[in-house]
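In what follows, chains carry the letters A, B, and so on, assigned in the order in which the sequence lines appear, proteins first and then strands, with residues in each chain numbered from 1. These values consider heavy atoms only, across backbone and side chains, with no hydrogens, waters or symmetry-generated copies.
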Number of protein chains: 2
Amino acid sequence: MTGTARRGRPRSEDADARILGAAQELLFARGYDRFVMDEAAVRAGVAKTTLYRRWPTKDHLLVALVAKVQDEVPVADTGDVRADLTVYLTAIATGLNRMRAVGRTGDRDDRSAGMVAELVAAAARHPDVGDAVRGLFARRNTLVLALLDHARERGDLRAGTSSTVLFDQLAGALYYRLLVTGEPIDAAYVRDLVDHALTGAAATPHPERN
Amino acid sequence: MTGTARRGRPRSEDADARILGAAQELLFARGYDRFVMDEAAVRAGVAKTTLYRRWPTKDHLLVALVAKVQDEVPVADTGDVRADLTVYLTAIATGLNRMRAVGRTGDRDDRSAGMVAELVAAAARHPDVGDAVRGLFARRNTLVLALLDHARERGDLRAGTSSTVLFDQLAGALYYRLLVTGEPIDAAYVRDLVDHALTGAAATPHPERN
């Protein structure tokens, strides 16, 4: 732990971090189906009641884990919007591919969306999980939307560009491939995607709307 | 049925169509959770074994229903790629919003992805359902990809545009909003999305790569 470890019961943030660390190891080793809440408590060295008070179900714990994984990916705003988007989306793609592969053995279908699909399904089934997932993405996406706003203010993106619509096109393409078509999302695809979104598909540019 | 109705056991396509019609009514009235396979057989007037032989689980039946709903949406290639994309994506958005609302009462969270999330989760859990879902979208998307290829051949899309990447950006944004962020997907959003994808976000267009 840290150098400021105290005797007795650790602070709840310490317990949370230990639980999340243990849960992440177990989930990534076994997959969602074979992950058992109680084992995460044992591995983290906390009482089961501590775990369940904080995260009442596997789905709630999964949301917290996704938040942890997202927070580990920095959003760098270097002033080169093409490069910044490419780096950030490549990191998202890497994270999605990792979640896709979780708990899968070599002979399982590697086009399945894996744990991300479980998150999406839990969000659809349980209103509180849904609120947590949507809140998580809203909070996280704020960072990249600010980056796009800055690029527009600098004049690197055209005045009529909506940061939200642009980011939907980019992140959306990655999630669509992961969750729906099963097509690969690799670094070459990300570069191509960013290029398409910045350049536009029309041969003759549409007149600016604002 | 049709004017060529015969005596005795109906052809299996007739049974399939009756089962799908009955299943669609039940599913859309009750939602995925409260949908019971046996009731679809009773309502369609077929033996349960006929139903289960054709679609062994609720998930398999859901895939067939989504195929039916998709096939009801025409892909019109009128020569105006902006208009054609807008009409087609608006139809997809309408279908997704309908599946989102299935089985939901007024007081349930209307930002949930509903039945589409069940489809995605089933595709991730069961390799055969996953293959069916990915095959369904691959087959269906062929039509709109051909439309985009024609637009590029006519010179309405720039030579460097990949039909697949362009369509990923468009369909992807709709599914991302439905499944992840919960943001609305309405006709105004679709128009904005098509405009962004065709125009491009960069203030200074990137040099053509091919």
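By the 4.5 Å heavy-atom criterion applied to side chains, B/R134 and A/E183 are not counted as neighbours.
Between B/A124 and A/A117 the shortest heavy-atom distance is CB-CB, 3.4 Å. The heavy-atom pair separating B/R125 from A/E118 by the smallest distance is NH2-OE1, 2.6 Å. Looking at every heavy atom in both residues, B/R158 comes nearest to A/T199 through NE-CG2, 3.4 Å.
Heavy-atom proximity under 4.5 angstrom to chain A picks out B/G155, B/D156 from residues 143-156 of chain B. Identified by a heavy-atom distance below 4.5 Å to chain A, the contributing residues of residues 162-178 of chain B are B/S162, B/T164, B/V165, B/L166, B/F167, B/D168, B/Q169, B/A171, B/G172, B/A173, B/Y175, B/Y176, B/R177, in residue-number order.
Within the 4.5 angstrom heavy-atom criterion, atoms from both the backbone and the side chain of A/A197 approach chain B.
The line from CG of A/L136 to OG1 of B/T181 is 12.0 Å long, rounded to the nearest 0.5 Å.
For the options B/N141, B/V116, B/D33, B/L119, heavy-atom pairs under 4.5 Å to chain A are most numerous at B/N141.
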